Protein chains: 2
Amino acid sequence: MNETGARLPKYHRIADALREQIRTGRLAPGDRLPAETAIAATHHTSVPTVRQAMSVLRAEGLIESRHGIGTFVRATHRLQRRSRNRYGEARGRDGLLTNTLRHEIASVGIEPAPEQIADCLNVEAGTEVVARHRRLYDEEDRLTEIGASYLPKDIAAGTYLEEPTVVPKALFRCVEDLTGRRYTDARDQVTARRATDAEADRFGLPLGAYVLHLIHTATDENGDVLEVSESIWPADNVIFVDHYPIPAGPTGETGSEI
Amino acid sequence: MNETGARLPKYHRIADALREQIRTGRLAPGDRLPAETAIAATHHTSVPTVRQAMSVLRAEGLIESRHGIGTFVRATHRLQRRSRNRYGEARGRDGLLTNTLRHEIASVGIEPAPEQIADCLNVEAGTEVVARHRRLYDEEDRLTEIGASYLPKDIAAGTYLEEPTVVPKALFRCVEDLTGRRYTDARDQVTARRATDAEADRFGLPLGAYVLHLIHTATDENGDVLEVSESIWPADNVIFVDHYPIPAGPTGETGSEI
DNA sequence: CAGTGGTCTAGACCACGCG
DNA sequence: GCGTGGTCTAGACCACTGC
């Protein structure tokens with residue numbers, strides 16, 4: 001039945017055959033693939049060639065091998081979703097999470113700001129800030145987000161924001177109440193990048209997997225940064241959704257179509 | 001020299017050694033790595049083991065092999081940047097592109113809407129719409145973005161928006177002028193996902209690479225969708241930056257810290 | 001042509017998880 | 001112990017590129 005016509009490498013044809021079985025549901029998520037030796041036999045080839053085919057599917061995120069157990073079809077679910085208008089239509093309503101997730105403060109303390117964060121805080125890299133690290137888990141208690149909020153020391157040091165407990169209301173409201181200043185402008189930066197080793201480890205991601213990295217900077221009416229926070233998700237599990245009004249401004253011609 | 005202490009697999013140590021040379025700049029972007037046989041000799045191992053090490057670095061996006069030529073350190077540049085407040089602070093100013101890119105209409109015509117797009121347009125999958133496909137190139141004429149705008153037939157069919165030429169002003173303004181309706185609300189969806197074969201091919205991406213996919217939906221004051229547009233970039237090359245005001249609303253307590 | 005990476009083999013032995 | 005995948009070998013031959 002290998003009448004694909006084209007003259008593809010053997011490992012490629014094996015990968016195609018397995019991919020097709022996964023696509024059609026003949027091999028469902030969670031199913032174990034036949035052993036490498038078995039696949040080699042059915043395709044009249046050697047084990048290393050089968051392993052090469054599997055490395056293709058592994059790079060595509062379709063399968064996952066567990067040493068001593070077998071190779072399994074990965075569950076692919078982009079279930080989590082997230083709207084990032086965190087200040088709500090009516091400010092005060094928590095518009096951030098559309099799924100309620102278990103939320104846990106991993107650690108809180110004074111640390112030197114990482115370079116990217118320092119850039120957003122308008123301070124030199126290494127300047128000490130109050131950092132609140134958090135972890136979010138889904139309904140099945142899988143880690144789905146890691147993140148942190150970074151606050152200038154002159155805002156948060158010595159306050160209850162330095163305690164490693166979940167604060168009773170939105171963090172931005174805590175900062176506003178403590179300082180008397182108001183959050184007026186925000187900047188979000190979103191990148192997709194490869195997971196660091198530490199991230200891959202914590203999320204249980206395969207080699208080369210991507211994460212989405214959001215850095216949110218909030219400033220007051222003077223342009224002073226009140227807070228920088230970051231969130232990191234496995235890229236395959238998240239979709240950002242963002243609603244915003246389009247200003248009904250005056251005219252002005254532009255030369256660009258987009 | 002190989003006193004890492006830990007007892008890592010040989011291919012892993014080779015990958016570490018090469019990665020370190022890349023990190024320190026000893027092997028700069030564009031440089032050719034030694035031949036596989038040479039690396040095997042220096043590490044007293046076999047060629048397949050070296051190839052295994054290289055497949056690790058390839059999955060990490062650090063190197064790239066060209067058949068018959070050699071293996072090269074990949075240039076990693078996240079230069080492109082993009083702000084997506086496309087309607088400008090003062091509407092009419094093109095706030096979309098912070099780099100000016102060469103812009104080209106790939107094709108324009110009436111097509112059935114892809115499923116995701118149809119969802120956003122509030123029509124059934126397969127409904128015919130006017131699609132304007134575009135390609136954007138950077139200063140060095142490399143393809144950096146592919147995208148499309150989808151317009152309902154009752155808006156764009158029979159107008160100059162069906163011509164395969166770049167329109168003289170922002171597309172949204174064309175639609176407003178043609179219909180007399182106003183863009184009032186927008187929704188953006190952002191996901192990172194693996195490139196399809198076609199995308200990998202067009203962008204020249206390696207297997208398993210990711211793209212960022214933005215779907216933008218614009219509606220008028222009645223909630224009717226005027227336009228859906230999508231943009232796709234290689235994930236490694238783009239950073240979204242988005243500025244927006246934080247509404248100065250009333251209070252309201254929330255139980256969530258974030 | 002020589003040199004490169006791409007494909008493929010037929011084994012060996014090890015490490016892991018389970019019964 | 002047994003079956004699984006993980007590591008590694010020492011080759012062979014092919015396909016591509018550039019000279």
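Computed from a predicted model, the values in this text were never measured in an experiment. Residue numbers start from 1 in every chain, and the chains themselves are labelled A, B, ... in the order their sequence lines are given, proteins ahead of strands. Because only heavy atoms are used, hydrogens play no part in the values below, and waters and symmetry mates are left out as well, while side chains stay in.
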Presence of [X] side-chain N/O under 4.0 Å of [N] phosphate oxygens OP1/OP2:
X: A:Thr49; N: C:dT9; answer: yes
X: A:Arg66; N: D:dT4; answer: no
X: A:Ser46; N: C:dG11; answer: no
X: A:Thr71; N: D:dG5; answer: yes
X: B:Thr45; N: D:dT9; answer: yes

How close or far is atom [atom2] of [N] from atom [atom1] of [X], stated in whole angstroms?
X: A:Gln52; N: D:dC8; atom1: CD; atom2: C1'; result: 15 Å
X: A:Glu64; N: D:dG6; atom1: CD; atom2: C1'; result: 16 Å
X: B:Glu36; N: D:dA15; atom1: CD; atom2: C1'; result: 14 Å
X: B:His44; N: D:dT9; atom1: NE2; atom2: P; result: 12 Å
X: A:Ile14; N: C:dT9; atom1: CD1; atom2: C1'; result: 13 Å
X: A:Arg51; N: C:dC14; atom1: CZ; atom2: C1'; result: 12 Å
X: B:Met54; N: C:dT7; atom1: CE; atom2: P; result: 15 Å
X: A:Arg32; N: C:dC18; atom1: CZ; atom2: P; result: 12 Å

**Report entry** Whichever of B:His12 and A:Gly70 has its nearest DNA chain D nucleotide further upstream toward 5'
**Finding:** A:Gly70
Query raised in the report: Does A:His67 stack onto the base of C:dA15, taking stacking as ring centres under 5.5 Å apart and planes under 30° apart?
Result: yes
Report task. Mark yes or no for whether A:Arg132, through its side chain, and A:Glu163, through its backbone, hold a donor-acceptor pair below 3.5 Å. Result -> yes
Query raised in the report: What's the closest nucleotide to the B:Lys10 side chain, out of D:dC8, C:dG6, C:dT9?
Result: D:dC8
Requested in this report: For the side chain of B:Ile69, starting at C-beta, report the closest nucleotide among D:dG11, D:dG18, C:dG6.
Outcome: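 Of the candidates, D:dG18 comes closest.
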Query raised in the report: Hey, which of these two, A:Tyr11 or B:Thr37, hits DNA chain C nearer its 5' end, going by closest nucleotide?
Result: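 Comparing both residues, the 5'-ward one is B:Thr37.
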Query - Partner of B:Glu199 under side-chain contact (heavy atoms from CB on, under 4.5 Å), chosen from B:Arg194, B:Arg193, B:His213 - result: B:Arg193
Query raised in the report: When all nucleic acid strands are considered with a 4.0 Å heavy-atom cut-off, which category describes B:Pro9: base, sugar-phosphate, or nothing?
Result: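 Sugar-phosphate contact only.
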Query raised in the report: Can you name the closest pair of heavy atoms from B:Ala148 and B:Arg134 and give their distance?
Result: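 Looks like C-NH1, 3.5 Å.
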Query raised in the report: For the residue pair B:Tyr150 and B:Val129, what are the closest heavy atoms and their distance?
Result: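 That closest heavy-atom pairing would be CD2-CG2, 3.9 Å.
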Query raised in the report: Can B:Glu60 and B:Arg19 be counted as an ion pair, charged N to O under 4.0 angstrom?
Result: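 Yes, charged N to carboxylate O under 4.0 Å.
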